[in-house]
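Report on one structure; see the data block that follows.
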Amino acid sequence: MKRILRSAAFAAALLAATAATAQTTPAKTPTKTSTPAKTPSKASTTTDQVISDVERDLGVFREWINDRLDKADVVTKRELPRIKEEYETQSTRIDRGLDSLTAAGKREYAGLKNRYESWEARQERLEKQASQPETAQQTQTRMLGENVNLTTARASEMTDLYGRFIDYVRTNRKNWAPEDWAQASVVLTRLNQRYEKVRDLIDVDDRLRIRSWQAEFRTLEQAKKTKEAVSEK
């Protein structure tokens, strides 16, 4: 009987120890497996690089157009081939990646090209005109806006003719070479010759206006000569 009781007590103690151990041992938490970050594919990286390059080229082209066309309203015959070459180099580079541009980028590029082509056409037209010198009458017609026979011009027409002449000078003088000033001086001389013959038939106010325009031309002409003389020193 004593043996049975001791066995039962031992078993009870063993169960109690096992339960205590179970309570103090923390349950194992499953280890989380981190998901590796996705690495951009080589094809995606290459496409992004192409887009970045062509957008950068468009920006360079935009600045070039603005700089060249604003600062070089009229260029010399020697400068034009170099500018054409620069344009071809930049536009060809953009053309190769044109499909990578956004719709807005394509529209801007087309607009920049149209602007340049209009400018180039004007330069070529001016160059052609320069290679075929005008006659004195053609120069006069260009500056006065119409074909006028000054030897028979009426007194009532003189104020308008002088006004057209000085407006033309004001508008175009910034790009004039010495020969342009010489041509304008010839036209003014013709106007003055007719003016002297019909002066007494012109109102006093109009005579004063005409004299102020005569003086303005000579002042502008002298200012140009002075500026050229200073720049040569």
Give a yes or no on whether a salt bridge exists between [X] and [Y], defined as a side-chain N under 4.0 angstrom from a carboxylate O.
| X | Y | result |
| --- | --- | --- |
| Lys84 | Glu124 | yes |
| Asp203 | Arg207 | no |
| Arg209 | Asp206 | yes |
| Arg82 | Glu85 | no |
| Glu221 | Arg173 | no |

State, to 0.1 Å, how close [X] and [Y] come at their nearest heavy-atom pair, and which atoms those are.
| X | Y | answer |
| --- | --- | --- |
| Met158 | Leu191 | CE-O, 3.6 Å |
| Leu101 | Glu55 | CD2-CG, 4.2 Å |
| Gly105 | Leu58 | O-CD2, 3.8 Å |
| Leu161 | Ala153 | CD1-CB, 4.2 Å |
| Leu144 | Phe165 | CD2-CB, 3.8 Å |
| Gln90 | Val60 | OE1-CG1, 3.5 Å |

Is there a side-chain contact between [X] and [Y] (heavy atoms, below 4.5 Å)?
| X | Y | result |
| --- | --- | --- |
| Ile202 | Tyr195 | yes |
| Tyr87 | Lys113 | yes |
| Glu216 | Ile166 | yes |
| Val54 | Ile94 | yes |

Under 3.5 Å donor-acceptor, [X] side chain and [Y] backbone:
| X | Y | result |
| --- | --- | --- |
| Arg93 | Asp57 | no |
| Asn66 | Arg62 | yes |
| Gln138 | Thr135 | yes |
| Asp160 | Glu157 | no |
| Asn149 | Thr151 | yes |

Working to the nearest 0.5 Å, report the span between [atom1] of [X] and [atom2] of [Y].
| X | Y | atom1 | atom2 | result |
| --- | --- | --- | --- | --- |
| Ser118 | Gln123 | OG | CD | 11.5 Å |
| Leu112 | Arg115 | CG | CZ | 7.5 Å |
| Glu179 | Thr139 | CD | OG1 | 11.5 Å |
| Trp64 | Ser91 | CH2 | OG | 8.5 Å |
| Arg194 | Arg154 | CZ | CZ | 10.5 Å |
| Leu188 | Gln193 | CG | CD | 10.0 Å |

For Glu120, enumerate each residue passing the side-chain hydrogen bond (donor to acceptor under 3.5 Å, both in side chains) test, keeping only those at least two apart in sequence or located in another chain.
Tyr116
With side chain to side chain contact (heavy atoms under 4.5 Å, CB included) as the test, would you mind laying out the steps for Arg190 and Gln137 before giving the verdict?
CA-CA 11 Å; Arg190 288 184 172 187; Gln137 182 60 43; 3.8 Å; yes
Side-chain cluster (under 4.5 Å, hydrophobic types only) that Leu208 belongs to, other residues:
Val204
Is the closest side-chain donor-acceptor distance between [X] and [Y] under 3.5 Å?
| X | Y | result |
| --- | --- | --- |
| Asn192 | Arg199 | no |
| Arg218 | Ser185 | yes |
| Gln140 | Asn147 | no |
| Asn114 | Tyr109 | no |

Trace of the side chain to side chain contact (heavy atoms under 4.5 Å, CB included) decision for Val169 with Leu220:
CA-CA 9 Å; Val169 173; Leu220 294 173; 4.1 Å; yes
Given Ile83 and Glu88, is the side chain to side chain contact (heavy atoms under 4.5 Å, CB included) satisfied, shown in steps?
CA-CA 9 Å; Ile83 293 176; Glu88 290 296 332; over 6 Å; no
Are Arg68 and Trp119 close enough, and set up right, to give a side chain to side chain contact (heavy atoms under 4.5 Å, CB included), and what steps lead you there?
CA-CA 10 Å; Arg68 288 296 183 189; Trp119 177 86; 5.9 Å; no
Shared hydrophobic cluster, Val198 / Ile210 (ILVMFWY, side-chain heavy atoms < 4.5 Å):
yes
Aromatic ring proximity, centroids under 6.0 angstrom, Trp181 and Phe217
yes
